[in-house]
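Because the structure is predicted, anything quoted here is derived from the model rather than measured.
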Amino acid sequence: MKTLYLLLAFAVLTVGACKKEDQATIDRDIILSYLEANNLTAEEDPSGLFYIIDVPGGQQKPTLANSVTVKYKGYLTNGTVFDETTNGNTATFPLSNLIAGWQIGIPKFGRGGKGVLIVPSSLGYGSRRVGSIPANSVLVFDMELVNF
């Protein structure tokens with residue numbers, strides 16, 4: 001009986017790990033296709049985040065202890081916009097409260113930096129649907145780090 005439970009636990013863990021890895025592979029393929037279709041060249045962080053730095057900004061970089069003031073446009077790889085700051089407005093957030101993709105990506109910019117973050121679902125909202133964002137979505141953000 002104990003062996004049966006161990007086998008069952010192993011099977012559950014293996015299936016769960018495969019699904020997560022499969023989604024990571026799917027996301028990476030989506031990102032690479034998006035980059036190719038839009039003739040973009042991006043850096044890849046070990047986390048799976050892709051980023052493009054158009055303007056590096058200042059020398060100092062924010063940390064998770066900072067609040068960040070940003071201008072941004074968030075959209076899906078099909079171009080559907082799900083959130084943005086408009087009319088020159090900014091938004092300020094504690095960096096530690098944001099999705100992992102922003103926590104990893106925003107510190108790549110200095111004050112005044114601009115670029116693009118391409119966030120795999122595991123660093124975004126994962127398998128959850130959030131508002132108009134479908135589950136397992138790759139997210140794209142045009143980003144400007146105004147201040148921190």
If hydrophobic clusters are built from ILVMFWY residues whose side chains come within less than 4.5 Å, do [X] and [Y] share one?
{"X": "Phe109", "Y": "Val68", "answer": "yes"}
{"X": "Ile52", "Y": "Val119", "answer": "no"}
{"X": "Tyr72", "Y": "Val138", "answer": "no"}
{"X": "Val130", "Y": "Ile118", "answer": "no"}
{"X": "Leu123", "Y": "Val116", "answer": "no"}

Does a side-chain heavy-atom distance below 4.5 Å link Ser121 with Gln23? yes
Give me each pair satisfying salt bridge (Lys or Arg N to Asp or Glu O under 4.0 Å) with a member in residues 105-114, each pair once, sequence neighbours excluded. Asp45-Lys108
Let me know which of Asp142, Asp83, Leu139 forms a side-chain contact (heavy atoms from CB on, under 4.5 Å) with Tyr75.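 Among Asp142, Asp83, Leu139, the one that satisfies the side-chain contact (heavy atoms from CB on, under 4.5 Å) with Tyr75 is Asp142.
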Under 3.5 Å, side chain of Asn78 to main-chain N/O of Thr80, donor-acceptor pair present? yes
Ignoring hydrogens and geometry, is there a side-chain-to-backbone donor-acceptor pair from Ser33 to Ile30 under 3.5 Å? no
Salt-bridged, Lys71 to Glu84, with N to O below 4.0 Å?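 No, this pair does not count.
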Spatial distance of atom [atom1] ([X]) from atom [atom2] ([Y]) [nearest 0.5 Å]:
{"X": "Leu32", "Y": "Glu44", "atom1": "CG", "atom2": "CD", "result": "7.0 Å"}
{"X": "Ile106", "Y": "Leu64", "atom1": "CD1", "atom2": "CG", "result": "10.0 Å"}
{"X": "Thr77", "Y": "Asp27", "atom1": "OG1", "atom2": "CG", "result": "9.5 Å"}

Qualifying ring pair (Phe, Tyr, Trp, His ring centres under 6.0 Å) pairs, either residue in residues 121-148, two or more places apart: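 Of all non-adjacent pairs touching residues 121-148, those that pass ring pair (Phe, Tyr, Trp, His ring centres under 6.0 Å) are Phe82-Phe141, Trp102-Phe141.
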Residue pair Thr25, Asp22: steps toward the side chain to side chain donor-acceptor pair (under 3.5 Å) verdict: CA-CA 5 Å; Thr25 301; Asp22 289 347; 5.5 Å; no
Report, one line per pair, each donor and acceptor closer than 3.5 Å where one atom sits in a side chain of residues 87-100; sequence neighbours left out.
| unit_1 | atom_1 | unit_2 | atom_2 | d |
| --- | --- | --- | --- | --- |
| Asn89 | ND2 | Thr86 | O | 2.9 |
| Thr92 | OG1 | Thr69 | OG1 | 2.9 |

